[in-house]
Structure formats: C-alpha cells, structure tokens
Novice: 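My questions will all concern the structure given below.
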Amino acid sequence: MTGRENYNDLHVFMLVAREGSFTRAAARLGLAQSGVSRTIRDLEARLGVQLLVRTTRSLSLTQAGEQLYRTAQGCFQSLDAGLATLAHYRDIPSGTVRINASQHAIDKVLLPKLAIFRQRYPDIRLELISESRFVNIIDERFDAGVRLGDEVDEGMVAVRITPDLEMVMVATPDHFLQYGFPQTPADLMGHPCIAYQFADGSLYQWELLQEGKSIKHRPQGQWVFSDSYMEAAAAKMGLGLAYVPEELVSDELERSTLIQVLKPYSHRLAGLYLYYPHRNVSPALRVVIDALKL
C-alpha cells in the first residue's frame with residue numbers, strides 16, 4: 001500500500017466481509033450494490049491483491065483479505081475506543097479551568113463555592129490565579145476572569161456571582177483618638193488614608209455619596225497597595241483610614257477592633273462577575289459557572 005489509504009473504502013470492505021454479501025452491505029450503507037462492488041474493485045486495484053473470492057452464491061475472503069480484515073478491525077476498534085474517550089470528556093466534566101481573579105474574589109467567592117468540586121468533580125483541575133491588574137484572559141490563556149460588573153470588557157459573556165459590594169471606611173480606635181471622627185467627606189483631608197493603586201499607576205479615588213450626588217476623595221497618606229486585602233491589613237495595624245469592601249473587615253467591625261465612619265456617605269460597588277469570551281464553553285467551565293452564579 002502506498003500513501004494513505006481511503007478509510008471510507010476500508011470501512012466498506014469491512015462491512016462487506018462481515019455481512020458476507022454485497023447486497024446486505026449496500027443496504028446497510030444506503031448505497032447501490034454496484035457502487036459497493038466498484039469500491040472493492042478499486043481497493044483491490046490500489047493494493048495490488050485480491051481480497052474477496054466471488055461466486056454466484058457465496059463471498060469469502062482470500063488470505064490477503066483475511067490479513068487486511070484483522071488489521072483494519074484492530075485499527076477501527078482503537079479508533080472507536082478513542083472516540084469513546086472523547087465522549088467521556090464531553091459527558092463527564094474534566095480537564096483544567098484557569099480563572100484570573102483578585103485575592104478577594106478567590107477567598108470570599110471562588111474557594112467557598114468551588115470547594116465542593118473535590119468530591120463532586122474530582123477530574124476537574126482548578127487554577128485560581130490572583131492578580132490585581134487587569135489581564136487579557138484570551139492572550140494569557142485563561143478560561144475566565146472575575147471583575148466588578150462595570151469593568152467587564154465588551155463582547156464578553158458575564159455572569160453575576162455576588163451582590164453589589166458594600167464599601168466601608170474603617171480605622172482603629174487609636175486612629176480616631178489621634179485624628180478625631182470625620183463628620184463629612186471634607187473632614188477626610190485631615191486623615192492619613194490608605195490608597196489602592198491600579199496597574200497603570202493611578203490611584204482609586206474613593207467614591208462617596210453626598211446629598212444624592214456622587215463625589216470623590218483622593219486618598220492622601222504614606223501607604224499605597226495594589227490589593228484590597230493589604231489595605232485592610234494596613235488599617236488593622238493602625239496605619240490609616242481604609243475604604244474597602246465590608247466583607248473584608250466584618251469580623252473586626254463586630255469585635256470593634258476597627259470602627260466604621262461616614263456610613264451614610266459610603267458607596268456600593270457593582271458586584272463581581274465571572275466573564276468569558278464565548279458561549280460555547282467546555283463542560284468543566286459550565287459546571288464552574290453553574291456553581292458560582294447567583
């Protein structure tokens with residue numbers, strides 16, 4: 001045999017040999033008997049050997065035909081087994097799911113909701129990669145990312161995974177003993193504030209509400225971080241006033257090791273969304289989406 005054989009013709013040969021009849025094979029294939037006969041003749045011509053012995057009443061394999069049948073049968077069985085494995089991947093969620101998210105999102109949302117995968121989906125590998133910068137999830141080969149709702153790129157499919165985030169302004173009791181309690185946003189100018197820096201070097205300006213209008217405060221202080229967890233940690237150490245999602249400091253507020261101020265002026269951020277580039281997702285990503293969505 002030279003070159004690559006036509007697998008369709010081999011399939012026809014296998015069926016003729018198995019059925020022992022051109023007529024029955026043609027019926028199974030939905031083809032004319034003459035077409036099946038021509039396929040076998042062409043196959044024999046290309047191989048240079050006779051595969052079938054034809055009489056008016058019977059059809060049998062030659063020695064060469066027997067050898068080809070055994071070889072082809074083994075190959076087709078291996079192919080069927082491989083296709084069955086693909087069906088397993090289609091029907092049973094498995095494989096790797098890479099998600100880009102902040103440490104906050106991983107700790108407070110992804111880990112709590114996806115921990116059940118250890119028992120439920122042991123064939124899924126979860127890679128939860130923490131980044132404070134915005135990344136292009138397609139270029140950096142992530143299956144999905146997590147961002148606040150108003151930061152999701154256009155053209156992405158977005159699924160809400162948290163309610164809106166309640167922001168709180170907090171510091172230690174000692175901080176307020178030294179600097180006093182601010183009564184209005186204007187009073188923040190007298191307080192060292194902990195800042196959040198974006199990947200482009202710009203600082204997050206605290207979004208506040210005053211008399212129904214949105215205002216912004218540019219934090220001034222000694223400490224700048226690129227992670228909300230570090231902002232909260234710095235506030236707990238008495239390094240300044242921080243403006244962070246409430247769930248990061250809920251325990252400290254309950255124990256009064258941190259105190260919230262300017263509550264009527266605090267803002268809500270759009271909730272977190274899982275986003276991905278298309279709707280034709282893998283079964284593994286689909287079960288991740290289903291586990292995370294509200």
Novice: Of all the heavy-atom pairs spanning Gly190 and Tyr179, show the shortest one and how long it is.
Specialist: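 That closest heavy-atom pairing would be O-CD2, 3.6 Å.
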
Novice: Can you tell me how far the CG atom of Leu258 sits from the CG atom of Leu248, to the nearest 0.5 Å?
Specialist: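 Result: 11.0 Å between the selected atoms.
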
Novice: For Leu59 and Gly20, work out which heavy atoms get closest and say how close.
Specialist: CB-O, 3.7 Å

Novice: Calculate, to the nearest 0.5 Å, the distance between atoms CE and CD1 belonging to Met156 and Ile138 respectively.
Specialist: 4.0 Å

Novice: Between Ile129 and Glu140, is there a side-chain heavy-atom distance shorter than 4.5 Å?
Specialist: no

Novice: Contact between Lys236 and Thr257 at the side-chain level, heavy atoms closer than 4.5 Å - yes or no?
Specialist: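 Side chain of Lys236 against side chain of Thr257, heavy atoms only: no contact under 4.5 Å found.
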
Novice: Could you walk me through whether Leu188 and Tyr243 satisfy the side-chain contact (heavy atoms from CB on, under 4.5 Å) test, starting with their C-alpha distance in whole Å, then the side-chain angles of each, then the deciding distance to 0.1 Å, before giving a yes or no?
Specialist: CA-CA 12 Å; Leu188 293 173; Tyr243 193 46; over 6 Å; no

Novice: Could you go step by step and tell me if Arg41 and Arg38 meet the side-chain contact (heavy atoms from CB on, under 4.5 Å) rule?
Specialist: CA-CA 5 Å; Arg41 286 198 303 272; Arg38 184 169 57 252; 3.7 Å; yes

Novice: Applying a strict under-4.5 Å side-chain criterion to I, L, V, M, F, W and Y, I'd like to know whether Phe142 and Val97 cluster together.
Specialist: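 No; tracing contacts between hydrophobic side chains, which count when under 4.5 Å, never links both residues.
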
Novice: Distance only, no hydrogens: is a donor on one side chain within 3.5 Å (strictly under) of an acceptor on the other, for Thr172 and Asp174?
Specialist: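 Their side chains do not contain a donor-acceptor pair, so the 3.5 Å distance test is not met.
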
Novice: Treating Ser202 as the side-chain partner and Phe198 as the backbone partner, does any N or O pair qualify as donor plus acceptor under 3.5 Å?
Specialist: no

Novice: Is the side chain of Asp164 donor-acceptor paired with the backbone N or O of Ala270 at a distance under 3.5 Å, no angle test?
Specialist: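 Flag not set: sc Asp164 to bb Ala270 has no pair under 3.5 Å.
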
Novice: Compare all side-chain heavy atoms of Gln260 with those of Ser266 and state whether any distance is below 4.5 angstrom.
Specialist: yes

Novice: If only atom types and distance count, is the side chain of Glu207 paired as donor or acceptor with the main-chain N or O of Leu269 below 3.5 Å?
Specialist: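 Absent.
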
Novice: Any sub-3.5 Å donor-acceptor pair from Lys113's side-chain atoms to Leu292's backbone N or O?
Specialist: yes

Novice: Where is the tightest heavy-atom contact between Phe13 and Leu51, given as atom of each residue plus distance?
Specialist: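 Closest heavy-atom pair between Phe13 and Leu51: CE1-CB, 3.9 Å.
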
Novice: Take Thr62 and Glu44 through the side-chain contact (heavy atoms from CB on, under 4.5 Å) test and state the conclusion after the steps.
Specialist: CA-CA 11 Å; Thr62 64; Glu44 289 177 323; over 6 Å; no

Novice: Please give me the minimum heavy-atom distance between Phe176 and Val261, naming the atom from each residue.
Specialist: CZ-CG1, 3.4 Å

Novice: In terms of heavy-atom contacts, does CZ of Arg120 have more than 12 from other residues, nucleotides or ligands at under 6.0 Å?
Specialist: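 Open: at most 12 neighbouring heavy atoms sit under 6.0 Å from CZ of Arg120.
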
Novice: For Thr184, does its backbone N or O pair with a side-chain atom of Asp187 as donor and acceptor, under 3.5 Å?
Specialist: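 A pair under 3.5 Å: yes.
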
Novice: Using side-chain heavy atoms (C-beta onward) and a distance below 4.5 Å, is Gln222 in contact with Leu239?
Specialist: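 Heavy-atom side-chain distance check fails, nothing below 4.5 Å.
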
Novice: Side chains of Gln33 and Ser37: donor-acceptor distance under 3.5 Å anywhere?
Specialist: no

Novice: If you measure from OG on Ser130 to CD1 on Ile99, what distance do you get to the nearest 0.5 Å?
Specialist: 13.0 Å

Novice: Going only through I, L, V, M, F, W and Y residues with side-chain contacts under 4.5 Å, is there a path from Ile106 to Ile161?
Specialist: yes

Novice: Are there more than 12 heavy atoms of other residues, nucleotides or ligands under 6.0 Å from atom CZ of Arg98?
Specialist: yes

Novice: Verify, without hydrogens or angle tests, whether Gln183 (side chain) and Phe181 (backbone) share a donor-acceptor contact under 3.5 angstrom.
Specialist: yes

Novice: Assigning hydrophobic clusters by single linkage (Ile, Leu, Val, Met, Phe, Trp, Tyr; side-chain heavy-atom cutoff under 4.5 Å), is Leu148 placed with Val244?
Specialist: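 Shared cluster, no.
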
Novice: Looking at every heavy atom in both Val146 and Ala101, which two are closest together, and how far apart are they?
Specialist: CB-CB, 3.7 Å

Novice: Just by distance, do the side chain of Tyr196 and the backbone of Ala242 share a donor-acceptor pair under 3.5 Å?
Specialist: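 No: the side chain of Tyr196 does not pair with the backbone of Ala242.
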
Novice: Quick check: do Leu272 and Lys108 have side-chain heavy atoms less than 4.5 Å from each other?
Specialist: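 They are not in side-chain contact.
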
Novice: Between Leu110 and Tyr121, is there a shared hydrophobic cluster once you connect ILVMFWY residues whose side-chain heavy atoms come closer than 4.5 Å?
Specialist: yes

Novice: Does the side chain of Ile40 come within less than 4.5 Å of Arg54's, by heavy atoms?
Specialist: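 SC-SC contact between Arg54 and Ile40 confirmed.
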
Novice: Determine whether Met230 and Gln103 satisfy the following criterion, side-chain contact (heavy atoms from CB on, under 4.5 Å), listing intermediate values before the conclusion.
Specialist: CA-CA 10 Å; Met230 296 310 301; Gln103 189 63 38; over 6 Å; no

Novice: If you take all heavy atoms of Val16 and Ala25, which pair is closest and at what distance?
Specialist: CG2-CB, 3.6 Å

Novice: To the nearest 0.5 Å, how far apart are CE in Met169 and NE2 in His217?
Specialist: 7.5 Å

Novice: Within the side chain of Arg160, is there an N or O that forms a donor-acceptor pair under 3.5 Å with the backbone of Leu294?
Specialist: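 A pair under 3.5 Å: no.
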
Novice: Rounded to the nearest 0.5 Å, how far does OH of Tyr276 lie from CG of Asp143?
Specialist: 12.0 Å

Novice: Does Met237 share a hydrophobic cluster with Tyr229, counting links as ILVMFWY side-chain heavy atoms below 4.5 Å and allowing steps through other members?
Specialist: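 They do not share one cluster, since no chain of ILVMFWY contacts under 4.5 Å joins Met237 to Tyr229.
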
Novice: Mind checking the CZ-CZ spacing from Phe117 to Arg125? Nearest 0.5 Å is all I need.
Specialist: 15.0 Å

Novice: Is it true that atom CZ of Arg141 has more than 12 heavy atoms of other residues, nucleotides or ligands lying nearer than 6.0 Å?
Specialist: no

Novice: Do the side chain of Ser94 and the main chain of Asp123 share a donor and acceptor less than 3.5 angstrom apart?
Specialist: no

Novice: If we only count heavy atoms from C-beta on, is the Met167 to Trp206 side-chain gap below 4.5 Å?
Specialist: no

Novice: Count the heavy atoms of every other residue, nucleotide or ligand shown that sit under 6.0 Å from CD of Gln119, and state whether that count exceeds 12.
Specialist: yes

Novice: Do Leu68 and Val49 make a side-chain contact, defined as non-hydrogen atoms from C-beta onward lying under 4.5 Å apart?
Specialist: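 Result no, sub-4.5 Å side-chain heavy-atom pair not found.
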
